[in-house]
Amino acid sequence: MQHKTQLTLSFLLSQVLLLACAEDLECVPGFQQKIFYIEQPFEFTEDQAVLNLEFDDCKGNNKLNFEVSNPDFKVEHDGSLVALKNVSEVGRALFVHARSEHAEDMAEILIVEANEKHGALKEIFKIEGNLGIPRQKRAILATPILIPENQRPPFPRSVGKVISSEGTEGAKFRLSGKGVDQDPKGIFRINEISGDVSVTRTLDREAIANYELEVEVVDISGKTIDGPVRLDISVIDQNDNRPMFKEGPYIGHVMEGSPTGTTVMRMTAFDADDSSTDNALLRYNILKQTPTKPSPNMFYIDPEKGDIVTVVSPVLLDRETMETPKYELVIEAKDMGGLDVGLTGTATATILIDDKNDHPPEFTKKEFQATVKEGVTGVIVNLTVGDRDDPATGAWRAVYTIINGNPGQSFEIHTNPQTNEGMLSVVKPLDYEISAFHTLLIKVENEDPLIPDIAYGPSSTATVQITVEDVNEGPVFHPNPMRVTKQENIPIGSVVLTVNATDPDTLQHQTIRYSVYKDPAGWLEINPTNGTIGTTAILDRESPYVQNNVYTALFLAIDSGNPPATGTGTLHITLEDVNDNVPSLYPTLAKVCDDAKDLRVVVLGASDKDLHPNTDPFKFELSKQSGPEKLWRITKLNNTHAQVILLQNLKKANYNIPISVTDSGKPPLTNTTELKLQVCSCKKSKMDCSATDALHISMTLILLSLFSLLCL
């Protein structure tokens with residue numbers, strides 16, 4: 001079948017060439033046919049000829065050698081393509097590279113399905129209708145050119161030929177497009193007369209894989225005679241790019257005890273060569289594993305997918321028994337499907353064995369001892385535990401609980417995050433006289449739950465024996481603070497209170513003496529023996545040392561220990577008010593215009609330092625007025641204010657008005673205050689009181705002078 005297909009293709013190609021140019025054409029070095037199509041068989045049979053390739057360097061084919069991209073095939077010296085073994089899968093294309101002393105070329109063999117072959121032939125040969133005979137529409141024949149990348153000098157190198165049947169005298173070929181007169185310029189050129197196409201430098205398929213040029217025939221003046229016709233140049237891939245790992249670092253995690261075959265991670269490499277060829281067909285392999293224990297083959301990598309999986313039993317994948325929980329694998333990616341001729345690239349995969357909580361924490365000993373002085377708080381002992389799990393996880397971090405011996409909640413335990421120790425603390429001061437010993441039962445667990453088949457054992461509980469040491473404690477006042485209510489102004493020497501302080505050290509039988517510690521106003525004293533507090537000065541509720549009617553003093557109770565201990569007691573004396581402050585009047589100065597129409601001079605207010613009912617309502621009165629006429633009167637506005645009103649306009653002068661204010665205490669207290677009234681001249685909304693002062697001073701001087709004369 002393959003041989004028949006090859007004959008059909010050769011026949012059609014020969015017909016195309018005959019129609020394109022009736023006359024004999026000169027020899028073109030290279031494969032006489034660049035592209036072959038063969039139908040995919042069920043299997044390529046060993047030693048069976050697939051098709052015949054014709055290569056001619058136009059100089060005898062000396063030292064002709066063929067190379068095939070697929071190692072399962074070879075080309076005999078006569079050009080026969082033969083399978084080296086039975087092959088069922090080949091791919092979509094094969095490339096055959098031929099080289100002699102004088103020429104080299106590349107042919108492409110496309111492997112198609114049966115339903116693809118007819119369409120492919122129509123595409124190449126432009127078959128029209130049902131004749132099956134190709135017809136060239138133009139006088140230019142520009143067959144596709146295939147050029148291997150990375151060709152070695154010398155350059156320029158002939159790579160193909162354009163043929164024209166146009167016989168116009170002076171006609172020339174002209175080539176244009178990307179790679180000729182467009183960037184990158186000057187890669188290709190054409191012989192204007194012969195039509196030979198040559199390449200001027202080495203090509204890189206990974207940079208540009210295809211060039212689409214145009215060729216036309218022009219006359220001597222440059223006018224187009226025929227064309228343009230498209231000329232396709234394809235760069236044939238060579239295996240010149242190593243696989244590369246671009247996505248690192250590669251770090252995978254797998255839980256300890258995972259089943260065999262657990263996928264850890266995937267390694268993926270990139271090859272810049274043609275992905276449709278074996279040049280980019282990658283296979284993966286583990287070159288090295290570090291460390292090599294407990295097995296030198298802990299992992300396996302899928303050669304095609306790059307998936308890394310575990311291959312050891314769950315028992316060997318035990319983090320706690322490993323030399324280290326981190327493994328490093330050197331991964332190799334090789335192209336050409338992993339054959340020896342393939343290029344390689346490597347990367348390191350780091351695999352971390354993650355911990356699971358398969359080891360409960362255990363106390364390093366069953367019983368711990370601690371000693372603490374009574375009355376002291378803080379950490380008294382650190383409980384140590386061991387745990388074989390990963391210290392960076394909740395499978396290692398400990399959680400402590402007091403499960404017995406702490407009814408008064410005097411103790412707490414917390415975890416030290418750096419050491420994982422349990423820090424046992426006293427949070428409520430202990431009393432030696434109540435209990436000199438305490439026994440606590442403490443358990444330890446992990447933050448994370450244990451796996452189902454593991455449980456906490458007896459080693460996860462421990463006992464703590466605590467001994468309380470006796471210290472000399474200071475006496476304690478009962479109650480504290482002490483409160484008493486007294487009336488202010490009680491006589492000096494009055495008894496305020498007898499305090500009571502006791503010594504907590506009941507077994508020491510100590511005596512207590514008292515002293516004054518803080519007495520801001522200096523009003524109090526205390527009997528050092530019996531604790532009786534008396535007054536040494538008048539208690540004044542209105543004193544600045546009294547806040548909200550309460551006077552506060554501090555007293556000390558000192559025992560006879562060595563060294564002595566001291567206790568402090570606070571005394572709050574609430575002072576009851578008595579009417580011992582006369583009311584005061586404000587303001588004491590007022591001004592009025594001599595021609596004022598509104599004779600309401602001023603509103604007076606009264607205040608009292610005492611408390612109700614020894615304050616308002618206040619009674620306001622004018623003292624007896626001298627002279628035949630009454631000049632003013634006072635009117636009460638409310639309990640605390642009254643208004644002074646002139647009964648007539650007065651002349652400019654200063655007037656002193658005596659006003660008495662009486663509070664509501666029992667007995668009531670009265671205060672008389674003179675209100676100074678200035679009658680001023682007022683013009684253009686300006687008040688001038690200077691004349692009144694001057695007049696007042698002048699009258700005084702006159703009276704003094706007259707008095708002096710009378711006394712002579």
Side-chain angles (χ1 to χ4, degrees), residues 1-7 9-10 13-14 27-41 43-87 89-112 143-154 157-161 199 202-203 205 233-240 273-274 276-281 335-337 339-343:
M1 180 65 182
Q2 292 82 0
H3 184 64
K4 182 179 180 181
T5 300
Q6 186 270 331
L7 291 176
L9 291 171
S10 299
L13 181 60
S14 65
C27 180
V28 178
F31 282 105
Q32 302 306 298
Q33 182 176 336
K34 305 289 188 181
I35 301 178
F36 297 86
Y37 283 80
I38 62 174
E39 183 179 342
Q40 171 73 57
E43 183 178 65
F44 291 95
T45 306
E46 182 178 356
D47 294 331
Q48 177 185 356
V50 178
L51 55 80
N52 288 330
L53 304 168
E54 184 179 351
F55 178 88
D56 190 355
D57 66 0
C58 303
K59 293 186 179 181
N61 287 346
N62 291 331
K63 297 183 180 180
L64 177 60
N65 181 45
F66 295 96
E67 295 178 353
V68 186
S69 62
N70 190 317
D72 293 334
F73 294 87
K74 71 175 182 177
V75 177
E76 301 289 357
H77 187 71
D78 62 357
S80 299
L81 178 67
V82 179
L84 296 176
K85 62 180 181 180
N86 294 339
V87 182
E89 292 187 7
V90 176
R92 300 290 293 175
L94 296 175
F95 296 96
V96 178
H97 182 228
R99 176 182 295 172
S100 69
E101 282 186 338
H102 304 288
E104 66 175 305
D105 199 2
M106 181 78 75
E108 182 177 11
I109 303 169
L110 301 177
I111 302 171
V112 299
T143 59
I145 298 175
L146 303 178
I147 306 175
E149 65 173 335
N150 304 322
Q151 286 183 316
R152 296 188 296 271
R157 179 191 294 267
S158 178
V159 294
K161 188 170 185 176
V199 63
T202 300
L203 302 182
R205 189 204 68 86
I233 298 179
S234 298
V235 183
I236 303 304
D237 185 43
Q238 287 190 340
N239 193 20
D240 59 345
D273 290 319
D274 188 351
S276 65
T277 69
D278 289 350
N279 294 339
L281 182 60
D335 59 21
M336 295 302 294
L339 295 177
D340 291 341
V341 295
L343 302 178

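Every value quoted in this text rests on a predicted model; they were computed, and no experiment measured them.
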What's the shortest heavy-atom distance between [X] and [Y], and which atoms?
X    : Y    : result
P29  : C58  : N-SG, 3.6 Å
G60  : D57  : N-OD1, 3.2 Å
A98  : L64  : CB-CD1, 4.3 Å
L203 : E149 : O-CB, 3.3 Å
A280 : D274 : CB-O, 3.4 Å
V68  : L81  : CG2-CD1, 4.3 Å

**Q.** Chi angles and distances behind the side-chain contact (heavy atoms from CB on, under 4.5 Å) call for L343, M336
**A.** CA-CA 8 Å; L343 302 178; M336 295 302 294; over 6 Å; no
Let me confirm one number: the [atom1]-[atom2] distance from [X] to [Y], rounded to the nearest 0.5 Å.
X    : Y    : atom1 : atom2 : result
L84  : K74  : CG    : NZ    : 6.0 Å
N52  : Q33  : CG    : CD    : 11.0 Å
S80  : D47  : OG    : CG    : 12.0 Å
H97  : N65  : NE2   : CG    : 9.0 Å
D105 : D56  : CG    : CG    : 11.0 Å
Q151 : Q238 : CD    : CD    : 8.0 Å

Q) Would D72 and K85 satisfy side-chain contact (heavy atoms from CB on, under 4.5 Å), going step by step from the backbone distance to the final call? A) CA-CA 7 Å; D72 293 334; K85 62 180 181 180; 3.2 Å; yes
Q) Does the pair R157 and E104 meet the rule for a salt bridge (Lys or Arg N to Asp or Glu O under 4.0 Å), with working shown? A) CA-CA 10 Å; R157 179 191 294 267; E104 66 175 305; 2.8 Å; yes
Q: Decide, yes or no, whether a salt bridge links R99 with E67 under the criterion of side-chain N to carboxylate O below 4.0 Å.
A: no
Report yes if some heavy atom in the side chain of [X] is under 4.5 Å from a heavy atom in the side chain of [Y]; otherwise report no.
X    : Y    : result
L146 : S234 : yes
I236 : I147 : no
F73  : I109 : no

Q: List the steps and the verdict of side-chain contact (heavy atoms from CB on, under 4.5 Å) for D273 and D240.
A: CA-CA 7 Å; D273 290 319; D240 59 345; 2.8 Å; yes
Q. Counting only heavy atoms not in D78, do more than 12 fall under 6.0 Å of its CG?
A. yes
Q.
Between F31 and V96, is the side-chain contact (heavy atoms from CB on, under 4.5 Å) condition met? List the steps.
A. CA-CA 10 Å; F31 282 105; V96 178; 4.0 Å; yes
Q. How are the rings of F55 and F66 set to each other: parallel, tilted or perpendicular (split at 30° and 60°)?
A. perpendicular
